[in-house]
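First comes the structure, then the notes that go with it.
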Amino acid sequence: MSEIQGVRLHVNNAADVAFSGRLLGEYSTQNAGGTKDRWTELRLWETEAGAWIVESVGKSTAGREIDLRDVKTIPRDPERTENRDDRVAVMEAFGWSIVAKAFARTMGWDVVRRVP
């Protein structure tokens, strides 16, 4: 887990988001050689107050395209350790995409819905 730092996220089509917090996890679809001209980056931040910030960025180095960043906030009780509901909220914010599921695997999360 990273150290607390000041963070400002430049969001498309919404107000920018600023907070003091730490990065809990991230995932990128960019390959090791960095040769893709379009890729996705997902990040999960925790604020000093305990809220989670879910960041999704569509990155591009192609032509005049710009990065597209979306940010959602998940309020949490700072006294409670993370639980399945928090993880499901993150997955919902990421849209349950294949990239989101890869992010969950890197976090060691079990987000499978068990059906009796």
Side-chain angles (χ1 to χ4, degrees):
M1 194 179 307
S2 65
E3 305 248 345
I4 295 285
Q5 59 182 303
V7 179
R8 182 175 179 153
L9 304 175
H10 301 282
V11 183
N12 300 84
N13 301 319
D16 289 353
V17 175
F19 59 93
S20 292
R22 74 178 111 244
L23 183 64
L24 296 179
E26 61 186 326
Y27 182 82
S28 175
T29 62
Q30 180 59 278
N31 59 35
T35 60
K36 290 183 177 181
D37 59 355
R38 292 182 187 95
W39 67 98
T40 301
E41 295 178 355
L42 302 180
R43 291 182 194 86
L44 177 61
W45 301 87
E46 182 178 48
T47 69
E48 279 187 299
W52 278 0
I53 306 292
V54 178
E55 176 189 14
S56 175
V57 187
K59 302 283 286 184
S60 178
T61 57
R64 293 183 172 168
E65 294 179 352
I66 62 169
D67 294 346
L68 299 175
R69 178 175 281 114
D70 185 39
V71 172
K72 293 185 174 62
T73 303
I74 300 172
R76 299 180 64 247
D77 178 352
E79 300 300 315
R80 187 185 77 219
T81 59
E82 78 179 65
N83 67 29
R84 181 168 172 75
D85 291 341
D86 295 330
R87 295 171 181 184
V88 168
V90 170
M91 295 302 291
E92 287 173 352
F94 285 150
W96 287 97
S97 68
I98 194 73
V99 179
K101 291 176 182 182
F103 170 85
R105 279 192 304 277
T106 66
M107 296 292 289
W109 292 355
D110 177 10
V111 291
V112 174
R113 182 174 52 134
R114 308 266 188 251
V115 180

Identified side-chain contact (heavy atoms from CB on, under 4.5 Å) partner of V90 from the options D85, L42, V54: V54
Do [X] and [Y] share a hydrophobic cluster, counting only Ile, Leu, Val, Met, Phe, Trp and Tyr and linking them when any side-chain heavy atoms are less than 4.5 Å apart?
X   : Y   : result
I98 : M91 : yes
V57 : L68 : no
W52 : V99 : yes
V7  : I4  : no
W96 : I74 : yes

Quick one, N31 and W39 - any side-chain contact, counting heavy atoms below 4.5 Å? no
Any non-hydrogen side-chain atom of W45 less than 4.5 Å from a side-chain atom of T73? no
Summary of side-chain hydrogen bond (donor to acceptor under 3.5 Å, both in side chains) pairs that have at least one residue in residues 62-72, sequence neighbours excluded: R38-E65, E55-R69, K59-D67, S60-E65, D70-K72
To the closest 0.5 Å, what do you measure between [atom1] ([X]) and [atom2] ([Y])?
X   : Y   : atom1 : atom2 : answer
Q30 : T35 : CD    : OG1   : 6.0 Å
L23 : I53 : CG    : CD1   : 12.0 Å
Q5  : E48 : CD    : CD    : 11.0 Å

Of all heavy-atom pairs between P75 and A51, which one has the smallest distance, and what is that distance? CA-CB, 4.4 Å
Taking all atoms of both residues into account, what is the closest heavy-atom pair of R114 and P116, and its distance? O-CD, 3.9 Å
Between the side chain of R84 and the main-chain N/O of D110, is any donor-acceptor distance below 3.5 Å? yes
Please confirm whether the backbone N or O of A89 pairs with a side-chain atom of D86, one donor and one acceptor, at under 3.5 Å? no
Between W109 and the options F94, F103, Y27, the ring pair (Phe, Tyr, Trp, His ring centres under 6.0 Å) test singles out F103
Does the pair L44 and M107 meet the rule for a side-chain contact (heavy atoms from CB on, under 4.5 Å), with working shown? CA-CA 10 Å; L44 177 61; M107 296 292 289; 4.3 Å; yes
